[in-house]
Amino acid sequence: MELYAILKLVWAAILCILLIGLGLMVGMDMGVGTLLRFVGRNDGERRTALNIIGPHWDGNQVWFILGGGAIFAAFPTLYATSFSVFYVVMILLLFSMILRPVAFEYRSKADSTLWRASWDWVFLVSGFLPMFIYGAAFGYILEGVGYHFGWNGQYYQDSSFFSYLLSPFVILCGLMSVALSVYQGGVMLMLRSENPLYDRAQRYAVRGGLVAAVLFAIGGVFISQQKGFVLIGDVNPAMPANPLHGQHVLHTAGAWLHNFTQHPILWLVPALGLFCMVAGACAAYFGKSVAAWWIGLGSWVGTIGTVSAAMFPFFMPSTTAPDQSLTIWNSSASAYGLSCMLVVALIFVPIILSYTSWCYYVMRGKVRTADIIHDSHSY
């Protein structure tokens, strides 16, 4: 295999890892925001929950930047097309996330029940909405996106994300993402809180894991029945980044199971996801919060890994012009660009993982409500 094709595969793997990191780390913070009004029965308990993720939430947002940056640098055609498809959704997503830091900074600035309750609703919306969109976007892509390219490479959009929001499968994927977020957020609260916050977080973590497992299984049934995409004929993995030439795509029912049929070992990936969701719920039920947190990583690996295994080598298939679907092979940057960015990634991704781990290690331990309510400098 040519070096150019290998670089494309490496960057596809890096992008998959970044999406897993986004789901795990950002999902954990969003899960706490979603649960805030339910696990905290008074202002002191809600402030305790916010101070558990307070030192980390802004650092975790780097996974959003890394994901977008990786698509921009390594797969510019995918970046341009996908960000056009999801333009309105991106604005909605950014608006909800802009409100989040404002809520952190201003919630406790005024000693007013109405003021603080209003910001608690902001946390709920800014926690639920981004994770719902994250999962729904995967469902939308799996169903196929309506777009095509003109003779000169100009992009034309034939459908919108909102036209698919009424699709049961898209809604299911969005809710499953929220369920995993709730699970991870509940486990994070278990790690660093005491009763009664601990008990409530434990219940939601168990429910989140089990609901995610059920939705994941139902999603598998949908995938087996719906139309998917598969490359037919010979394809040159080192082809130029030109979606107008070089591939033939078949759009047919059950095509997303093609890779699993050809390589049965891939069934271990969805099995891992389903097992970790159930095992994580069990670990949370028995109070094994550390184990439950790491098992949550396995849930995201299994989920994103299943989508990747089913879609490979597709990134964003087109229902309007299937032969113009964006794949790993026809939407990448140049070999020089991929090589340079790989060096950058090998330097900075370990640094990010190191300082993130150090922050969590330094700020380990329980956050107590009695300490928070007398501290005017906390959230």
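Each residue takes its place number in the sequence, starting with 1. The structure presented is a predicted model; accordingly, all values stated were derived computationally and were not measured.
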Closest contact, heavy atoms only, V278 versus A213: CG2-CB, 3.9 Å
Within one Ile-Leu-Val-Met-Phe-Trp-Tyr cluster: F75 and F72, side-chain cutoff 4.5 Å: yes
Residues that Y336 engages under side chain to side chain contact (heavy atoms under 4.5 Å, CB included), provided they are two or more places apart: S334, C340
Closest heavy-atom pair and its distance - A73, A333: O-CB, 3.3 Å
Residue pair R116 / R47, side-chain heavy-atom distance below 4.5 Å: yes
Heavy-atom donor-acceptor pair, S181 side chain to S177 backbone, under 3.5 Å: no
W57 and F104 aromatic centres sub-6.0 Å: yes
For Y198, the rest of its hydrophobic cluster, which grows through side-chain links under 4.5 angstrom: M190
Cationic N near anionic O, under 4.0 Å, R107 to D43: yes
Residue pair L129, L93: steps toward the side-chain contact (heavy atoms from CB on, under 4.5 Å) verdict: CA-CA 7 Å; L129 187 60; L93 180 65; over 6 Å; no
Pairwise ring pair (Phe, Tyr, Trp, His ring centres under 6.0 Å) hits with a residue in residues 337-362, at least two apart: H56-Y360
D234, CG atom: more than 12 neighbouring heavy atoms under 6.0 Å: no
Contacts of Y155 that satisfy side chain to side chain donor-acceptor pair (under 3.5 Å) - sequence neighbours left out: Q157
Non-neighbouring partners of D323 that pass salt bridge (Lys or Arg N to Asp or Glu O under 4.0 Å), sequence neighbours left out: none
ILVMFWY network linking W11 to L22, side-chain heavy atoms under 4.5 angstrom: yes
Linked, directly or transitively: M131 and V62 (ILVMFWY side chains, under 4.5 Å): yes
Lys NZ or Arg CZ of K8 over Y4 ring: under 6.0 Å, within 45°: yes
Geometric class of the F86/Y140 ring pair [parallel <30°, tilted 30-60°, perpendicular >60°]: perpendicular
Close side-chain approach of V187 and M28, heavy atoms under 4.5 Å: no
CA sep, side-chain torsions, deciding dist, call: F314, L231, side-chain contact (heavy atoms from CB on, under 4.5 Å): CA-CA 9 Å; F314 290 93; L231 286 173; 4.0 Å; yes
CG (D111) with more than 12 external heavy atoms under 6.0 Å: no
Residue pair W267, L257: steps toward the side-chain contact (heavy atoms from CB on, under 4.5 Å) verdict: CA-CA 10 Å; W267 286 108; L257 298 181; 4.1 Å; yes
Aromatic ring pairing Y134/F138, orientation class (parallel under 30°, perpendicular over 60°, tilted between): perpendicular
Side-chain touch Q61/D29, heavy atoms, less than 4.5 angstrom: yes
Validation row: V230, V249 side chains within 4.5 angstrom (heavy atoms): no
Single-linkage hydrophobic cluster, 4.5 Å side-chain cutoff, I65 and L18 together: no
Worked verdict on V307 versus I141 for side-chain contact (heavy atoms from CB on, under 4.5 Å): CA-CA 10 Å; V307 175; I141 291 173; over 6 Å; no
Check: A284 main-chain N/O paired with Q202 side-chain donor or acceptor under 3.5 Å: yes
Under 3.5 Å donor-acceptor, T34 side chain and F128 backbone: yes
Pairwise side-chain contact, L197 with T48, heavy-atom cut-off 4.5 Å (strictly under): yes
hydrophobic_cluster_shared for M311 and V85, side chain cutoff 4.5 Å: yes
Pairs where residues 193-215 contributes a residue and the test salt bridge (Lys or Arg N to Asp or Glu O under 4.0 Å) is met, not counting sequence neighbours: E45-R200, E194-R368
Side-chain heavy-atom pair F169, I223 within 4.5 angstrom cut-off: yes
Heavy-atom closest pair, residues L175 and L215: C-CD1, 3.8 Å
Pairs meeting criterion salt bridge (Lys or Arg N to Asp or Glu O under 4.0 Å) with involvement of residues 269-286, two or more places apart: none
Exam field: side chain Y183 to backbone G31, donor-acceptor pair closer than 3.5 Å: no
I328 vs F312 side-chain heavy atoms within contact, under 4.5 Å: yes
Pair Y156 + Y147: ring centers closer than 6.0 Å: no
Contacts of type salt bridge (Lys or Arg N to Asp or Glu O under 4.0 Å), residue R192, not counting sequence neighbours: none
Backbone N/O of S318 and side chain of S325: donor-acceptor pair under 3.5 Å: yes
Main-chain N/O of R37 paired with D120 side-chain donor or acceptor, under 3.5 Å: no
Within the 6.0 Å centroid threshold, strictly below: F229 and W256: yes
Hydrophobic cluster partners of L268 (side-chain heavy atoms under 4.5 Å): I265
N/O donor-acceptor pair under 3.5 Å between W115 side chain and Y106 backbone: yes
Residues clustered with V206, ILVMFWY side-chain links under 4.5 angstrom: L210, Y285, F286
Heavy-atom side-chain contact between L50 and L36 under 4.5 Å: yes
Co-members of the apolar cluster containing W151 [side chain, <4.5 Å]: none
For F83, all residues meeting ring pair (Phe, Tyr, Trp, His ring centres under 6.0 Å), sequence neighbours excluded: Y79
